[in-house]
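Notes to accompany the following structure.
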Amino acid sequence: MTRQAYTYYPGCSLQHRSHAYESSNRNVAQALGFDLVEMDDWNCCGATEYFSLNRLPAYALVARNLARAANEGADELVVPCSACFLNLHKTDKQMAQYPDLARSVNQALAAGDLHYTPGTVRVRHLVEVIISDIGFTELATRITRPLYGLKLAAYYGCLIARPDSIFDSTEHPTTMDRLFEVLGAESVPFALKTFCCGGHMAQISAETGFEMIHKIVKNAAENGADAIVTVCPMCQLNLDVYQNSANKLFDTDYQVPILFFTQVLGLALGLKPSDLGIGQEFVDAMPAINKISEVPPPKPKRERRDKQALPMPVMPE
Amino acid sequence: MSDKRVGVYVCHCGHNIAGTVDVEHVAEWAWGLPNVAVSRDCQFMCASLGQDMIEEDIREHGLTHIVVASCSPHMHEKTFRGACERAGLNPYLFEMANIREHASWVHPHDKDGATDKAKALVSAAVHRVLQQQPLEPLQVDIRPETLVVGGGIAGIQAALEIADAGFPVYLVEREPSIGGHMAQFDKTFPTLDCAACILTPKMFDAGAHPNITLLTYSEVEQVDGYVGNFTVRVRRKARHVDESLCTGCGTCWEKCPKKVIDTVFEAGMGYRTAIYRPFPQAVPKYPVIDTENCTYYQTGKCKICEKFCPTEAIRFDMEDEYVDLEVGNIVLATGYDIFDARRIPQYGYGRLANVFTSLEFERLTNAAGPTEGKVVLRDGVTEPRSVAIIHCVGSRDKNTNEYCSAICCMSSLKFDHLVMEKTGAQVYNFYIDMRPIHKGYEEFYHRILDEGTQFIRGRVAEITDAAHSPEEEGKLIVIAEDTLIGRQRRVPVDMVILAAGLEPRADAQGVAHMFGVGCGDSGFFTERHPKLDPVATMTEGVYIAGACQGPKDIPDSVAQGAAAAARILGVIFRKQVALEPIRASIDESRCSGCRICNTMCPYNAISFIEELSVSRVNPALCKGCGTCVAACPSQIITGAHFTFEQIMAEIDGILVDVHTAPPEHTAVEAV
Amino acid sequence: MKTSQDLTFHDRVVALTPGGEALEQCLQCGSCGGSCPAGADMDHTPRGLFAMIRAEMEDEVLRSNTPWYCVSCYACTTRCPQQIPITDIMYTLKQMAIQAGHYDHPHATKFSETFIGFVEQRGRSFEAGLATRYHLYHHPTDMVRLGMMGLNMLRRNRLPLRPKSIREVDQLQAILAEAKAIAAKETYR
Amino acid sequence: MSDKPKLAQYWASSCGGCEIAVLGLHEKILDVAGAFEIVFWPCVMDFKYADVEAMADGAIDVCLFNGAIRNDENAHLAHLLRRKSKVLVAFGACAYGGSMPGLANFTDREAMFDWIYFHSPSTENPGNVRPEMRTTMPEGDLRLPRFWNTVKTLEQIVPVDYFLPGCPPEAGSIEIAINAIVSGQLPPPGSVIGSDTTVCDECPREKLNKKVKRFYRPHEIIPDPNICLLDQGLFCAGIATRAGCNARCPQVDLGCRGCYGPNEGVYDQGAKLIAGIGSMIDADTVEEVEAILDTLPDPAGYFYRFHLPQSLLRRKALGNGKKQPKTEPVAATR
Amino acid sequence: MSQNGTFKPVLVGFLCNWCSYRAADLAGTSRMGYPATLRDIRIMCTGRLDPTFVLRALQQGADGVLVMGCHPGQCHYQEGNYKAIRRFALLKRVLRQMGLEDARVQLHWASAAQGVLFAQTVAQMTEQIKALGPLDWPRHWPDEDPFARIALAMQEDAHE
């Protein structure tokens with residue numbers, strides 16, 4: 001059962017370049033009947049950058065948030081950004097796993113009169129909160145505008161699938177695909193659903209980054225996706241903002257809009273595109289949104305089994 | 001206590017102990033322990049010189065108790081007990097202090113610490129041995145019948161060996177036919193002889209042997225008793241076919257309209273009918289009705305098989321039967337399961353059509369298989385022009401199974417040959433290390449190298465259908481680092497074969513529990529000793545053979561089956577076996593009948609005697625674990641050789657140098 | 001307590017990485033190199049680097065571009081059959097390379113340093129400042145392309161020009177200062 | 001002076017119930033009075049310590065000593081009576097095992113005084129009075145015996161010849177002991193006078209296979225009168241308590257308290273209760289086991305109710321188990 | 001007990017015959033070093049562990065007690081270790097009430113193949129006990145009776 005209110009850590013990205021995510025999160029939360037209460041005076045998680053420079057301050061930076069959340073009395077912290085999620089989750093986990101690390105981190109925190117006992121705050125990603133706490137059955141009853149005819153590629157990115165998957169699998173999770181089906185949309189096969197978007201690579205070694213972006217967009221487009229749906233502002237930024245640069249490098253012209261999962265969820269809940277920050281993306285999402293049909297698409301005919309063909313391995317439910 | 005005379009012997013074990021522990025000092029110090037009449041150190045206690053010394057001292061110095069401080073009791077307890085016995089001393093008046101494995105070898109850089117510990121262990125043994133009582137081993141008679149569980153090649157071999165020696169064997173198999181995994185294979189490495197050609201005669205022999213009672217389509221449900229006298233309850237699942245009438249003519253399965261995917265024998269690659277015989281050479285030849293899929297059992301209509309059966313052998317009303325077998329010994333040869341390749345999702349098995357497991361490929365290439373031996377893609381027609389074989393799938397991987405599955409290198413090489421022979425396709429092997437370790441295996445590897453297979457040293461990272469270049473379109477792309485050149489490679493192929501590892505049977509834990517054997521970390525049954533006793537188990541009278549003990553190939557399975565049989569035959573010929581007298585007993589005159597112990601015994605050795613209101617232990621069933629001894633709140637259950645007094649004495653002895661003296665008087669502040 | 005001088009390079013990498021002991025278990029199977037989305041650009045695959053660490057090739061390892069191409073996707077870490085925390089080892093190597101002044105790939109470091117500069121100063125990252133400052137210093141030629149992108153971002157309300165700060169910056173700075181002090185005298189297990 | 005054997009009885013740290021128990025012999029008390037010459041029994045007759053001190057060593061034939069050793073006065077009398085007695089009997093659970101006074105070993109003197117004189121809800125102590133060993137009054141110094149940190153059993157202070165367990169010892173047990181003394185047919189010194197089996201042996205309730213999913217406290221359920229209380233989840237120490245009381249408490253639906261102490265040969269009654277009760281828990285995971293144990297509050301209190309000072313560990317660790325520097329008095333820690 | 005002022009704990013181990021005793025043997029045959037603090041006693045099964053043994057070891061001067069057996073589900077006697085889990089949980093609660101730190105008495109599992117785990121467990125527990133300092137239980141019975149030393153000594157003799 002969903003709570004009334006969750007302690008919320010938005011992360012820096014949602015404050016500037018990913019406003020769209022922030023507004024769609026807030027409006028979807030409201031529509032689903034829970035509050036996201038922003039924790040007081042949170043700081044940046046350090047992204048992937050700080051760990052490269054200096055390990056202990058990096059952990060301390062993250063742990064300040066955990067300690068403050070714990071002081072607020074939070075036993076859960078909901079995070080919409082995959083990078084923030086990973087850093088917070090990993091710090092909590094590793095502090096529990098490695099007492100030496102916990103000791104040093106707490107020694108540093110003590111300089112700010114803080115202390116964090118690992119395990120106090122359960123770090124959760126927003127997508128997992130919505131899917132597990134509300135659940136597919138309940139969500140299905142809230143859908144007012146099913147996304148019939150819309151073909152979506154569920155892009156999980158790395159950091160919620162790895163190192164510890166919050167879903168079913170680190171390699172090929174299917175939970176979000178099921179969400180799309182609940183929303184009335186079709187989930188397209190997408191081999192690169194957990195392939196990395198390149199992170200900061202677009203900044204520091206553009207060609208490496210663009211190649212990764214291009215692979216993802218290509219694979220989604222070739223599987224007929226109208227849009228790629230992400231759960232992470234970094235993934236959205238890379239795939240969206242650099243899509244044309246990647247096109248240029250590989251001489252292609254993919255135009256696959258990149259949406260946040262709360263944006264498509266919001267649409268299905270009947271919210272207006274403008275309330276969901278749609279329009280802030282570089283690759284225009286409106287052509288895709290306009291494809292949404294009033295009526296469900298006809299059920300694809302079950303292909304008759306070829307007499308000669310060998311059976312596929314039986315998958316358990 | 002004064003008439004007790006303890007002899008203490010501290011072993012140097014060459015340099016093994018003496019290199020770290022000050023052996024002479026320990027022996028000297030031990031003179032000061034209670035009742036010690038002799039204390040010596042010796043180069044090698046286990047050598048005849050050492051043993052003779054014990055015997056002489058017992059005779060000359062009237063020693064009544066012996067302590068040897070040397071290696072682990074699992075190593076030489078028997079040796080020294082023998083020495084005591086030869087000198088006329090009851091072997092249970094001997095105790096061992098393990099100052100090698102538990103002291104010298106683990107504290108090489110702390111000589112003082114190791115010496116102190118050795119002293120503590122010697123003291124513990126001396127204190128303990130003074131409490132020890134003479135015990136007599138329990139002699140039990142051995143029934144000549146043997147139960148073999150599992151009708152694969154290991155079980156068949158064991159059954160035949162024992163039956164040929166003239167003793168009765170019950171061979172229980174859960175599937176409708178014996179044969180096991182070997183019956184599914186086409187060729188066997190490294191000689192490439194046909195599996196059926198070498199297996200079928202053995203299956204036939206087992207089926208026709210006058211000393212072998214075949215119980216197929218049957219499962220063991222309960223095991224009671226102990227070595228020599230097991231009672232085993234077997235459930236004979238209803239075949240729904242009267243074996244006395246059936247001729248195995250095949251009319252029923254030819255007429256049966258219901259087709260289902262055969263996930264057992266055909267590994268999901270082919271179909272069978274609802275009434276079926278798993279394969280043509282099946283032993284016994286009779287079919288069974290699969291009631292879960294039979295139309296009659298689903299809808300109440302059909303009965304076509306009954307209509308066409310020329311001998312009226314179909315019995316829809318047949319029910320499961322139970323038979324109770326009395327056997328003296330048991331061989332577990334329950335085999336293995338193949339690793340479920342879906343657990344490595346990046347390899348795409350179950351998602352990408354042309355990714356096959358090794359067992360699927362065995363069926364594909366088998367002349368009697370679903371494609372009649374044609375190597376084709378999942379569409380059933382297209383021959384692959386390039387094939388990748390991925391080694392170590394679900395093996396050598398801490399995320400799945402850490403162990404090496406032992407057979408995959410060789411079966412992959414066999415596949416290499418079969419693919420090339422049948423299709424001429426280019427074959428790529430992705431491997432971490434090649435381990436062709438038995439006779440003729442390395443030669444086979446060279447032969448396959450000669451045949452032109454490519455070997456890429458690198459564990460495959462993933463298999464994908466996401467093409468990045470035109471030549472990858474429509475193919476499966478195998479992505480791996482070629483570690484020999486240090487570069488990432490993408491190899492597009494038509495077909496991928498996953499050399500899936502071997503795993504313990506899914507129900508191995510339950511079976512282990514039923515038969516009282518252990519499972520190791522990997523889940524395979526644990527042998528009594530990994531080197532010196534590889535087919536016996538911790539439970540007397542229960543032996544293991546074949547892949548249930550660990551991954552192994554056909555020759556090793558056959559060898560183990562025969563070895564288990566030899567062990568059992570030895571016991572049968574002896575007619576009696578001596579059991580360790582480590583048993584619990586209840587002092588009934590003092591038992592209050594609280595019944596706390598009643599639920600403790602995993603072997604149901606404790607019963608409550610209502611009329612006397614006391615509990616009683618059946619010594620033949622008791623295995624001496626001592627859990628009832630610990631549980632008894634009145635402390636009136638005695639665990640022989642691990643009595644309360646013995647262990648308490650051992651605790652006091654082991655802390656002999658730290659016994660806290662009575663506390664000194666301390667000043668107390670005024671109140 | 002051993003000091004860093006007493007330890008081999010390999011031991012130091014292990015000591016500085018939570019769970020780093022697993023490095024000793026490397027089978028050289030190449031799962032990491034095969035899994036790496038940026039592997040093609042690396043001068044050594046991670047596996048190769050681990051062999052070099054074992055061989056005490058400190059200089060070459062710390063000059064390798066491999067850690068700098070790591071995108072922190074953890075694909076190698078989850079697939080490693082020996083459960084080596086490869087991503088975390090890459091972080092360790094980057095940190096050691098910076099300390100040794102050894103890295104030949106300043107872009108990544110400078111990007112990280114610029115990013116963290118804002119975080120240390122204000123407690124939050126600052127996109128607009130990061131982009132301008134990082135590119136101005138390190139990629140001045142890219143400024144035109146970047147300027148266009150920045151404008152596009154601005155137009156879409158995705159690039160606030162005023163940095164945000166947290167309230168208790170003092171607390172954060174005290175914590176970070178202390179952490180740096182501890183890290184500076186980091187003892188090796 | 002008569003020829004009758006000389007009997008002394010003394011009451012150290014205890015409730016006095018043992019004295020009453022002797023009187024509980026009813027008319028047989030007259031036999032006692034007839035058989036013995038009572039030379040010291042402060043509870044019923046006026047004697048002074050000086051009278052005892054004046055006796056020759058070994059002048060008392062039998063001394064029934066009840067009560068634990070709690071303070072210097074108790075200890076002094078223990079030594080004194082030991083010296084003057086041929087046979088010293090630890091009479092009742094307090095002298096034998098420490099019993100109720102011994103439960104104070106779960107804490108220490110300072111904490112106890114703090115609670116009793118200052119913090120207990122029923123305490124009213126406006127003058128902040130607290131017992132002192134020495135108080136100066138106009139009339140002179142008043143002295144109290146020193147109060148110990150740790151309660152001890154009689155045997156921990158002086159050698160004891162016989163132990164008579166029970167809180168109080170059952171009349172039947174006392175009779176057996178007295179008769180043995182009178183007839184001179186005494187068991188070997190050091191013996192506990194009593195049975196060598198446990199309370200269950202005397203308990204008429206039907207015992208079942210013991211497996212419990214939770215424990216109950218007496219107010220939570222009404223037990224079946226014919227079934228073993230433990231089988232019903234009610235704590236009963238009978239499984240690990242020496243028989244001799246005829247299962248008095250279980251007969252009235254109350255779990256055995258354990259006053260007769262450990263069975264013959266047992267070192268630690270609490271350990272046997274841990275083993276016995278622990279064996280009944282019907283759960284396989286640590287979490288389940290803990291959940292079941294949550295329904296059995298204060299196990300140490302239950303298991304060591306009558307024998308904490310006599311148990312192997314004898315008392316709760318002082319100073320949180322940390323070793324105190326040798327120079328510092330132990331009593332200073334709390 | 002202490003040399004050059006450094007505290008070297010004394011741990012008493014109760015190892016089951018089938019798994020952890022063999023794990024200790026394996027640690028030996030594989031020469032895996034660990035501190036010489038553990039003095040082990042072989043019992044057939046952790047199900048044999050009478051809580052009295054643990055109390056006795058503590059009373060007799062051990063600084064800690066380590067009980068090790070087969071992993072749950074792998075007991076040679078099928079379920080002896082489950083019985084150990086149950087009794088041990090209760091024992092721990094009582095010991096906690098007696099003021100004993102949790103780390104002093106521990107229950108761990110090691111299969112016959114886990115020599116490394118065995119060595120690590122001993123090393124880890126040794127460190128924990130070092131941090132706690134000596135237990136020296138009888139010092140927790142401050143002796144206020146000047147005569148009692150004699151009585152105690154006699155009592156100890158009686159128990160021998």
Side-chain angles (χ1 to χ4, degrees), chain A residues 12-13 15-20 40-44 46-57 59-61 64 94 97-98 100-101 104-105 107-114 158-159 162-163 170-171 194-196 198-201 203-205 207-208 211-212 215 241 279-282, chain C residues 16 18-19 37-38 40-41 67-69 71-75 77-78 85 87-88 90-92 94-95 98 105 107-109 111-113 115-116 118-119 123-128 134 149 152-153 156-160 164 166-168 170-172 174-180 182-183 186 189:
Chain A
C12 303
S13 292
Q15 303 261 307
H16 28 82
R17 62 186 190 208
S18 304
H19 273 302
D40 177 52
D41 206 42
W42 54 270
N43 58 260
C44 174
T48 53
E49 311 307 332
Y50 214 166
F51 284 94
S52 317
L53 294 178
N54 205 339
R55 187 175 71 105
L56 193 60
Y59 282 110
L61 181 80
R64 177 180 177 269
Q94 294 195 339
Q97 211 173 345
Y98 307 108
D100 285 353
L101 177 68
S104 303
V105 170
Q107 205 180 326
L109 286 182
D113 280 332
L114 290 174
C158 322
L159 303 180
R162 290 182 298 265
T170 55
E171 297 284 347
T194 60
F195 190 78
C196 180
H200 69 188
M201 214 33 90
Q203 309 276 340
I204 62 173
S205 177
E207 292 201 358
T208 310
E211 189 184 341
M212 291 161 78
K215 281 180 184 172
V241 175
Q280 291 181 20
E281 65 283 350
F282 275 53
Chain C
L16 279 170
D41 295 307
W68 302 102
Y69 273 99
V71 289
S72 305
C73 77
Y74 291 89
T77 304
T78 54
T87 311
D88 290 334
M90 292 300 159
Y91 282 133
T92 300
K94 283 194 248 192
Q95 192 182 321
I98 293 169
H105 307 276
H107 296 346
T109 349
F111 182 80
S112 299
E113 281 171 359
F115 180 96
I116 287 311
F118 284 108
V119 174
R124 298 270 167 89
S125 73
F126 176 42
E127 212 79 15
Y134 163 65
M149 188 155 288
N152 278 327
M153 292 283 275
R156 286 168 172 81
N157 188 22
R158 291 180 72 168
L159 199 65
K164 288 193 175 156
I166 62 169
R167 199 176 63 248
E168 295 182 31
D170 294 354
Q171 182 191 44
L172 177 66
I175 292 171
L176 294 180
E178 177 66 23
K180 283 179 189 172
I182 301 166
E186 185 115 45
R189 279 164 293 164

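Only this structure's heavy atoms are used, side chains among them; waters, hydrogens and symmetry mates stay out.
Side chain of A:Q107 to backbone of C:I182: no donor-acceptor contact under 3.5 angstrom is found. Without hydrogens or angle criteria, A:T208 side chain to A:M201 main chain gives no donor-acceptor distance under 3.5 Å. Looking only at distances, no side-chain donor or acceptor of A:Y50 sits under 3.5 Å from a matching main-chain atom of C:I116. Looking at A:T194, its side chain does come within 3.5 Å of a backbone N or O of A:E171 through a donor-acceptor pair.
Of the two parts of A:L109, the backbone and the side chain both hold a non-hydrogen atom closer than 4.5 Å to a non-hydrogen atom of chain C. Neither the backbone nor the side chain of A:V105 comes within contact range of chain C, judged by heavy atoms closer than 4.5 Å. Both the backbone and the side chain of A:Q15 come within less than 4.5 Å of a heavy atom in chain C. With a 4.5 Å cut-off on non-hydrogen atoms, A:Q280 touches chain C through its backbone and its side chain both. Interface residue A:F282: backbone and side-chain heavy atoms are both found under 4.5 Å from chain C. Both the backbone and the side chain of C:I166 come within contact range of chain A, each with at least one heavy atom under 4.5 Å from a heavy atom of that chain. Looking at A:T170, only its side chain comes within 4.5 Å of chain C, counting heavy atoms on both sides. Heavy atoms of A:D40 lying under 4.5 Å from chain C belong exclusively to its side chain.
Between C:D88 atom CG and A:Q94 atom CD the span is 5.0 Å, to the nearest 0.5 Å.
For the set C:A40, C:P37, C:A174, C:A177, the entry with the most heavy-atom pairs within less than 4.5 Å of chain A is C:P37. Per-residue heavy-atom pair counts under 4.5 Å with chain A were compared for C:T78, C:V71, C:I175, and the maximum is reached by C:I175. Contacts with chain C were tallied for A:A60, A:P57, A:G199; A:P57 has the most, counting heavy-atom pairs under 4.5 Å. The candidate with the highest count of non-hydrogen atom pairs below 4.5 Å against chain C, out of A:A20, A:S13, A:G112, is A:G112. With respect to chain C, the highest number of heavy-atom pairs below 4.5 Å among A:C12, A:A110, A:S52, A:S18 belongs to A:S52. For the set A:Q97, A:K215, A:E281, A:E211, the entry with the most heavy-atom pairs within less than 4.5 Å of chain C is A:E281. Annotation: maximal heavy-atom pairing with chain A below 4.5 Å, among C:E168, C:R124, C:Q171, C:K180, occurs at C:R124.
With A:W42 as the aromatic partner, A:R64 does not meet the cation-pi criteria of under 6.0 angstrom to the ring centre and within 45 degrees of the ring axis.
The salt bridge (Lys or Arg N to Asp or Glu O under 4.0 Å) check on C:E178 picks up nothing, with sequence neighbours excluded.
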Side chain to side chain contact (heavy atoms under 4.5 Å, CB included) between A:L61 and C:L176: does it pass, once the steps are laid out? CA-CA 7 Å; A:L61 181 80; C:L176 294 180; 4.1 Å; yes
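The shortest distance between side-chain heavy atoms of A:H200 and C:S72 does not fall below 4.5 Å.
The aromatic rings of A:F51 and A:Y59 stand perpendicular to each other, their planes meeting at an angle above 60°, with 30° marking the opposite boundary.
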